[in-house]
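Have a look at the structure below before the remarks.
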Amino acid sequence: IQIDGIERIPRQRPLLLAVNHPNALIDALLVGWVLPRRVLITAKATLFRNPLAGWLLRRVGVVPLHRASDGASGARPLNPARNRETFHAVTDALGRRGVVLIFPEGKSHDEPALAPLKTGAARMALDAVEHPSARELAVVPVGLVFERKDAPRSRVLVQVGEPIFVDEWRNATDCPTPDALTREIDTRLRAVTLNYATTDDAARAVRLAAVIAALFDEVPPIGAVGRGLSVETGIARRIDELATRLPTADATLRVRADSLAR
């Protein structure tokens, strides 16, 4: 596990961590292990339907978050107060200058890019800063990149992005709405994750980044720990930027890039 940007995490402020969600329960465990502060975790309410699991989750500080997709059938409208208890718990934790983790995508998935973010994180943040004790709230994007999330002992990169100081953002923004803050969170979270149009594009960029990293890396001494995943992740992002120019490039160049990736 490699941690990049841990110095960006404010030490004293209340924090709302906005984390991508590629690997189910492993994601919360990773962030909780990395962060040097106790974390309150939000989790989908369906996990609490099992009485034993619900009791255990509450004991370790997890609070249920009701998603629209967890609601009743179309014959019964969603209760607008379904998350009132969760919002109170989050606001209370932030008011005590605590740390709350939320997955703004609202689900764990295998897609090669971030899913559209829900507005829950933004609404929690804007609600919290109305309280004087949580006025210094920062939303911190945290990106998780797995080399192979299905393989034990796989390399993982935990990358902390630039925080959003919510009260300052609100004062500097013409329209400080939940939708606007959600877009800002999305921008900063994409900066610390890998996002591709298709799984083929993702696989090609990752393979090519591994080749380039190996070509320019010094030979490590015997027994040394291998290079961190941040090197290949950084190269993959550069490849993604350059790939946007390839449609106008010479066809031979595109063929060579694809061949090298394979």
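FYI, the numbering just counts along the sequence from 1.
Under the 3.5 Å distance criterion, the side-chain polar atoms of Thr177 are matched with a main-chain donor or acceptor of Ala180. Looking at Arg8, its side chain does come within 3.5 Å of a backbone N or O of Val160 through a donor-acceptor pair.
A salt bridge (charged side-chain N to carboxylate O under 4.0 Å, His left out) with Glu136 is found for exactly one of Arg97, Arg11, Arg13, namely Arg97.
Closest heavy-atom contact between Ser108 and Asn23: OG-N, 3.6 Å. In terms of heavy atoms, Asp127 sits closest to His131 at O-CD2, 3.4 Å. The nearest pair of heavy atoms linking Ala128 to Leu137 is CB-CD2, 4.1 Å. When all heavy atoms are compared, the tightest approach of Ile6 to Ile3 is CB-CG2, 3.9 Å. The two atoms that bring Ile164 and Trp169 nearest to each other are CG2-CB, 3.9 Å, heavy atoms only. Scanning both residues, Arg170 and Pro176, for their nearest heavy atoms gives CG-CB, 3.5 Å.
By the 4.5 Å heavy-atom criterion applied to side chains, Val34 and Val142 are not counted as neighbours.
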For a side-chain contact (heavy atoms from CB on, under 4.5 Å) check, start with the C-alpha distance between Val206 and Glu232, then their side-chain angles and the critical distance, and finish with the verdict.
CA-CA 7 Å; Val206 169; Glu232 291 167 33; 5.6 Å; no
Walk me through whether Asp186 and Arg190 qualify under salt bridge (Lys or Arg N to Asp or Glu O under 4.0 Å).
CA-CA 6 Å; Asp186 181 88; Arg190 285 180 183 277; 2.9 Å; yes
Between Asp92 and Arg96, is the side-chain contact (heavy atoms from CB on, under 4.5 Å) condition met? List the steps.
CA-CA 6 Å; Asp92 180 63; Arg96 290 182 281 106; 3.0 Å; yes
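Counting Ile, Leu, Val, Met, Phe, Trp and Tyr side chains that sit under 4.5 Å apart, directly or through other members, Leu194 shares a hydrophobic cluster with Val145, Leu157, Tyr196, Leu229.
Judged by distance alone, the side chains of Asn195 and Thr193 do bring a donor and an acceptor atom under 3.5 Å apart.
Counting heavy-atom neighbours within 6.0 Å of Glu7 CD, excluding the residue itself, gives a total above 12.
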